[in-house]
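Some notes on the structure that comes next.
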Amino acid sequence: MTHRDIALLLADAADGVEVGIAPTQAVVRGGRRRRARRWAVAAAAALAIVGTTGTVALAGLPGGGGRVEPSAPRPSATPDTPRYQPHRTELASGTEDGKGWEVYVDVWDAPRDKAQAEAQLTAMGEYRGEWPASVRTAADLVGKSTFFVQRGYEGDTSVVIENSVPEGDANVSTDMESGGLGLSPQAKSLRLVIGRIAKAALEVTCDWKDGTSTVLHRVSGPETDGTLKQGIRSAEGSPDRWFVCVAPKGTAYKDARVTGLDQ
């Protein structure tokens with residue numbers, strides 16, 4: 001079975017499923033101009049599960065139940081080929097009620113041709129069983145970088161936001177893509193806010209439903225206690241900056257906006 005066969009199986013399995021923000025009740029908002037693309041919570045991507053041997057398990061897919069050994073070649077990385085592993089950046093971490101949480105983003109380089117895309121899809125599957133929800137064939141990935149935002153909570157880690165975008169495609173001015181979700185997988189209150197903003201953004205304001213706000217600025221490095229402060233950070237491999245903020249207990253996400261730019 002080829003990667004195209006796997007892609008078609010995934011596509012068939014995803015037909016009729018609304019891939020988007022509904023599984024985590026995330027709220028996605030635009031900035032100065034609303035973009036047509038949206039962030040997708042990886043509902044379809046969850047169908048591709050990596051086994052302990054690194055093969056792709058197709059249980060639950062039409063005709064599934066077996067395993068498919070990766071067959072695509074893995075070219076060596078050169079200046080003209082993408083890395084076959086992601087750039088990982090931790091965006092924020094903390095502890096609440098004695099329980100630790102963290103957010104990080106994996107950014108995959110854009111493949112230049114179908115062969116590179118096939119190799120990258122294999123690497124994604126072997127790495128964490130990740131599969132871009134918008135990709136049906138390897139050709140769909142050519143010229144696009146892919147990111148997977150992961151939320152960790154007490155050892156429970158899952159993809160909460162993912163997207164594939166044209167290489168170099170970046171937010172400008174006050175443009176923003178942001179989403180609100182639970183701090184833990186079981187939480188229903190949308191307290192954890194994750195956003196992707198322009199490099200020029202200096203300040204972001206997160207508004208909460210109780211009328212209060214949290215103002216974020218650029219940060220770098222861990223705190224003295226080893227946690228990563230909520231704020232605006234660069235992410236390796238991404239043309240944008242990212243931010244994370246958490247609503248106080250008893251309230252939830254209302255809105256987020258860029259409130260300061262480089263002049």
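Given the structure is predicted, the values throughout are model-derived calculations rather than measurements.
- Rounding to the nearest 0.5 Å gives a distance of 9.5 Å between CZ of Arg191 and CH2 of Trp101.
- Salt-bridge formation is detected for the pair Arg218/Asp262: a Lys NZ or Arg NE/NH1/NH2 atom is positioned less than 4.0 Å from an Asp or Glu carboxylate oxygen.
- No chain of hydrophobic side-chain contacts below 4.5 Å, direct or via other Ile, Leu, Val, Met, Phe, Trp or Tyr residues, connects Val219 to Trp242.
- The shortest non-hydrogen separation linking Lys144 to Pro111 is O-CD, 3.5 Å.
- Looking at every heavy atom in both residues, Leu141 comes nearest to Pro132 through CD1-CG, 4.3 Å.
- Using a distance-only test at 3.5 Å, with no hydrogens or angles considered, no donor-acceptor pair links the side chain of Asp97 to the main chain of Lys99.
- Here the side chain of Asp140 pairs a donor or acceptor atom with the backbone of Arg136 at under 3.5 angstrom.
- The CH2 atom of Trp108 sits 10.5 Å away from atom OH of Tyr84, with the distance rounded to the nearest 0.5 Å.
- Across every non-hydrogen atom of Val142 and Ala117, the tightest pair is CG2-CB, 4.1 Å.
- Side-chain heavy atoms closer than 4.5 Å link hydrophobic residues (I, L, V, M, F, W, Y) into clusters, and following such links, possibly through other members, connects Tyr127 to Leu121.
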Go through it in stages, so that I can follow the logic: the residues are Val204 and Cys245, the test is side chain to side chain contact (heavy atoms under 4.5 Å, CB included), and I'd like the CA-CA distance, side-chain angles, deciding distance and then a yes or no. CA-CA 10 Å; Val204 168; Cys245 56; 6.0 Å; no
Might you work through the side-chain hydrogen bond (donor to acceptor under 3.5 Å, both in side chains) test for Arg257 and Thr205, ending with a clear yes or no? CA-CA 6 Å; Arg257 51 210 163 88; Thr205 299; 4.8 Å; no
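- Separation of atoms CD (Gln230) and CD1 (Ile194) is listed at 11.0 Å; rounding is to 0.5 Å.
- Arg241 and Lys199 make their closest contact through NE-O, 2.8 Å (heavy atoms, listed as atom of the first residue, atom of the second, distance).
- Rounding to the nearest 0.5 Å gives a distance of 11.5 Å between CD1 of Ile197 and OG of Ser173.
- By the 4.0 Å N-to-carboxylate-O rule, Arg196 lies close enough to Asp240 to be salt-bridged with it.
- With rounding to the nearest 0.5 Å, the separation of CG in Leu228 from OG in Ser220 is 10.0 Å.
- Val215 and Val244 fall into different hydrophobic clusters, defined by Ile, Leu, Val, Met, Phe, Trp and Tyr side-chain heavy atoms under 4.5 Å apart, directly or through other members.
- Side chains of Thr214 and Trp208: a donor on one and an acceptor on the other come within 3.5 Å.
- In this structure, Glu162 contributes its side chain and Ala133 its backbone to a donor-acceptor pair below 3.5 Å.
- Surrounding NZ of Lys209 are at most 12 heavy atoms belonging to other residues, nucleotides or ligands under 6.0 Å away.
- The backbone N or O of Asp109 lies less than 3.5 Å from a partner atom in the side chain of Gln120, making a donor-acceptor pair.
- Between Pro222 and Thr227 the shortest side-chain heavy-atom distance does not fall below 4.5 Å.
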Show your working on side-chain hydrogen bond (donor to acceptor under 3.5 Å, both in side chains) between Glu203 and Thr259 and close with a plain yes or no. CA-CA 5 Å; Glu203 181 182 278; Thr259 49; 2.7 Å; yes
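- Here the closest non-hydrogen pair linking Ala252 and Ser189 is CB-OG, 3.6 Å.
- Under the 4.5 Å side-chain contact rule for hydrophobic residues, Tyr153 and Tyr104 do not share a cluster.
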Assess the residue pair Ser178 and Phe243 against the criterion (side chain to side chain contact (heavy atoms under 4.5 Å, CB included)); give the C-alpha distance rounded to whole Å, side-chain angles, the decisive distance to 0.1 Å, and a yes or no. CA-CA 9 Å; Ser178 64; Phe243 73 88; 4.1 Å; yes
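- To the nearest 0.5 angstrom, Thr251 atom OG1 is 3.5 Å from Asp210 atom CG.
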Apply side chain to side chain contact (heavy atoms under 4.5 Å, CB included) to the pair Thr146 and Val107, showing each step before the final yes or no. CA-CA 6 Å; Thr146 302; Val107 180; over 6 Å; no
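- Between the side chain of Thr95 and the main chain of Gly98, no donor-acceptor pair closer than 3.5 Å is present.
- In terms of hydrophobic clustering, with Ile, Leu, Val, Met, Phe, Trp and Tyr side chains grouped at heavy-atom distances under 4.5 Å, Val103 and Leu183 are assigned to a common cluster.
- No salt bridge links Arg151 with Asp156; every basic N to acidic carboxylate O contact stays at or beyond 4.0 Å.
- Taking the side chain as every heavy atom from C-beta outward, Pro239 and Asp169 never approach each other to under 4.5 Å.
- The shortest side-chain heavy-atom distance between Asn171 and Glu177 falls under the 4.5 Å cut-off.
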When you look at Asp106 and Arg128, which way does the side chain to side chain contact (heavy atoms under 4.5 Å, CB included) test go after all the steps? CA-CA 11 Å; Asp106 289 336; Arg128 294 188 63 88; 4.1 Å; yes
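- For the residue pair Val160 and Leu181, the shortest heavy atom distance occurs at CG1-CD1, 3.5 Å.
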